Amino acid sequence: MKIDTPFIHLFKTPGAGYVYDVNTNSIFKVKESVFKYLSGAANEEENNDAENTLTRMRKQGLLSTKRLETIIHPASDMLPYYLENKLEMLTLQVTQNCNLRCEYCPYSGSYINRRHNNKRMSFEIAKKAIDFYLQHSKDNDYLSVGFYGGEPLLEFSLIQKCVEYARNKAQGKEIKFNLTINGTLLNEKNVEYLIKNDFQVIISLDGPEEIHNKNRKFASDGSGSFKTVISNISKFNEEYPEFFGKVMFNAVMDPSVDFNCLNSFFMSYDAVKGHNAMFSPISNEYLADSQGERSESFEQDVSYEMFKLLLFKLKRLSKKNISPVVKAYFEQVRKVFYKERVPVEQLPDKGHHGGPCIPGVMRLFVSCDGLFYPCEKVSETSEMMKIGDLDKGYDIEKVRKLLNIGQLSEQQCKDCWAFRFCHLCAASCDDLESLSSDKKLSRCQSVRDEAETLMKEYCMLREFGYDFEEDAG
Amino acid sequence: MMNKKGDALVYPYDINFTPILRHSRLLANCTITKLISPEGWGLTGKDAACTDGGSDIGISISNSFEEELNNCNTVIFASSERKLDFDGVILQKLMLAGKAKKKVITLGSLNKIEFKTVNDFCIKNEVDIDFYGSAIKERISKSIDYSEDSLHRINTPIIFVLGSGNNTQKFEIQLLLREFLLNNGYKVAQVGSRDYCEFLGFHSFPQKMFSTRINESKKVIFFNRYIREIERTERPDVIIVGIPGGILPFNSDFTNNFGFPAYIVANAIEPDAAIFSTVYEDWSDIYFERLSTLIKHKFGFFIDAFNLSNAQVDWNNSRENMKLSLNILDWKFIEQKKKLLSNSKVPVFNVLNSAKSSDIAEYAVNKLSEEEFEVV
């Protein structure tokens, strides 16, 4: 888009034509002549018809040509203060070992990352990390400590010591603990402990036996882990229903599997249905080789479930038909385009695309060795992602670089209508020794495609009279 | 009331108490020497100024209540921003202080049961205790007759202190003004925006203003008569009124009480000078211009001076927790930003710059003295 043209994005639903005005962050349904005029496809008659409307729109401050002048994240100026006082969540990598060898695990060898090994976090390092967290979270009302691995329950006694230490140190604030586990090592002792300390637990469970076992296998003999996991879930669900009612499942969706099978499992399997669940694709960040096969019908089946979800929202379909797998999709539409999209007067002079968190503030991932990373999703072999350590603290300049990835693609970002809806972060640009603008730019089109799809869903729901204020559940 | 000056310990210390610490000369009867915060608040070992981001104060925060109890003769239980469990924490420490025969002062709000528990303990153990906050009944409010609908004229100059919301340094400004005016020989009457201002020698914002039993019109009349009564009985040279809360909603999720207290006060009395303290953002001069215009139209008076506070709304956190969350930035950062606003038609100050903190007070007082002719 040329810099002297209105900074807008045009799109159509089956029902109407729309203008997304970037400066005001507003979406307008427009008549056909206006749409054609703005897309440069109007004839003389349509031009004349559109004139008055366009004049009125311009008077209201719409159709401005203004772009951002400088790409800089608004938190950049205040980074020292955020890092000193606003650390929200601490994640401790208590071990790099695991009793499973999941095919898609970042540490399995398929990714450019460290491999599973016997390294574990010492209690000394854990204490230092907890102290660091408390000293740097003054302006937060709550504390949250997570335990990660490998498989964190391999270090259950370390977790117990950390919890006790953190509770003593955290007097005066509410502290919550969370844990992501593979579910194979649950037993009476650790379950009772998790209940007593009100842990939020996430259990990795990919679907029914065939699907789960395709990827999630024991290290000892390569056999599938489903029977062990589901037996533990069923047993403890029965013994401690209140606690297990709050357990969340995390399913990694392998696109080569039968989606309907996976979907039906989460809708109807007794021990699992009704629980909150997160569904995420296999990560393609840091892949050593290209992604594996994809089932032809997978995408179609997912799309069909999304369609059913929208019908439910429009009260044309009963809730019992709705897949939990796609529930988050609607929430994304609602959150991004209804709740958080606030109209403004115009773009500021300085800004940055959406996507990056403030590294080391929203969460701090501390490795077994006491090194700092922005989260568990980045590669631990990446020099770019090491943002400090327990001895020296934060490397502010590294953090600033990871925050300002928009500067890698400055000109493109200034001209991108979807910059507010971008979700690219430093992990998307990381080529281990530097941040790569090429790598970042290769993701841009898919970001715009996703944003447009969500925008269209939002507009279409409005066309059908959906009331976003209503919580349809 | 206290009748001897003593070394005082403050618990739990946080940002709410920091303005009092900065202006502790206003405390007639005690010297603050020890500050204790729960370890989980992340303040231990830091200078007291770490709470409000201002210039260093020179007192280090500790987490050892019992140990420091030996080093004081008064314990002040502060009204903290982050509430601690009363039975499990506050009461236990209060009892420790009482049994150690310390003078006890409570600033925090106590409900009826909590008040009775504390009061009974103190009577039984002969603990010398002063209650402030909502535990005490206002003396003046009870005597105000607001049955008639007319407004009385207030002849004493009035300075308003108002702001974007809570924790935007309004109280710091109120204390700063008080200290400045008293040091310059003025007789000051004051109504503060908190509910324990009697601890500092002036009136708290009357509880009646938040009552659901009186309609808004009556509150206007009440407040007018309330100020008139203060004028009549105290015969001050100047009246400072701190208005609690904010003047406008931030957005549809954080409505700030829609600025009702400010609207009621502005209808009840007219200021001769007004200071507005705004949350921090990367504002331009235009923001201050528009804000001035908005306040004039909504409340009927001009703002004479702005304070650029170091409190920035953390929108992500606020939306996630459905509770307004603030980032507290460093005063030096604000000082840099303030320099960029030198062209603002209404001057912008930074009260946390201790080298220049009284500039805003001086400006306000000069404003009051500016009138070329006096209305009689």
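Protein chains get the first letters and strands the later ones, always in sequence-line order, with residue 1 at the start of each. Everything numeric in this text was worked out from a predicted model, so none of it was measured.
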I want to check a possible cation-pi pair here: A:Arg67 against A:Phe7, using under 6.0 Å from ring centre and within 45° of the ring axis as the test. yes
Would one find more than 12 heavy atoms of other residues, nucleotides or ligands at under 6.0 Å from atom NZ of B:Lys46? yes
Going by distance alone, is a donor N or O of one side chain under 3.5 Å from an acceptor N or O of the other, for A:Asn85 and A:Ser137? no
Given a strict heavy-atom distance threshold of 4.5 Å, which part of [X] is in contact with chain A: side chain, backbone, both, or neither?
{"X": "B:Leu326", "value": "backbone"}
{"X": "B:Asn317", "value": "side chain"}
{"X": "B:Asp253", "value": "side chain"}
{"X": "B:Leu84", "value": "side chain"}

Which residues, numbered in order, of residues 47-58 of chain B come under 4.5 angstrom of chain A by heavy-atom distance? B:Cys50, B:Thr51
Between [Y] and [X], does any NZ, NE, NH1 or NH2 come within less than 4.0 Å of an OD or OE carboxylate oxygen?
{"X": "A:Glu410", "Y": "A:Lys414", "answer": "yes"}
{"X": "A:Asp131", "Y": "A:Lys128", "answer": "no"}
{"X": "B:Glu335", "Y": "B:Lys332", "answer": "no"}
{"X": "A:Glu397", "Y": "A:Arg400", "answer": "yes"}
{"X": "B:Arg319", "Y": "B:Asp314", "answer": "no"}

Against chain A, work out which of B:Lys83, B:Arg290, B:Glu81, B:Gln336 has the most heavy-atom pairs shorter than 4.5 Å and name it. B:Arg290
Max heavy-atom pairs within cutoff under 4.5 Å with chain A, candidates B:Arg82, B:Gln312, B:Glu39, B:Lys323, goes to B:Arg82
Which residue pairs pass the ring pair (Phe, Tyr, Trp, His ring centres under 6.0 Å) test with at least one member in residues 34-65 of chain B, sequence neighbours excluded? B:Tyr11-B:Phe65
Report, in residue-number order, which members of residues 138-145 of chain A are under 4.5 Å from chain B by heavy-atom distance. A:Lys138, A:Asp139, A:Asn140, A:Asp141, A:Tyr142, A:Leu143
Quick one: which residue pairs count as a side-chain hydrogen bond (donor to acceptor under 3.5 Å, both in side chains) with a foot in residues 350-364 of chain A, not counting sequence neighbours? A:His353-A:Lys440
If the plane angle is over 60° it's perpendicular, under 30° parallel, otherwise tilted; pick one for A:Phe199 and A:Phe177. parallel
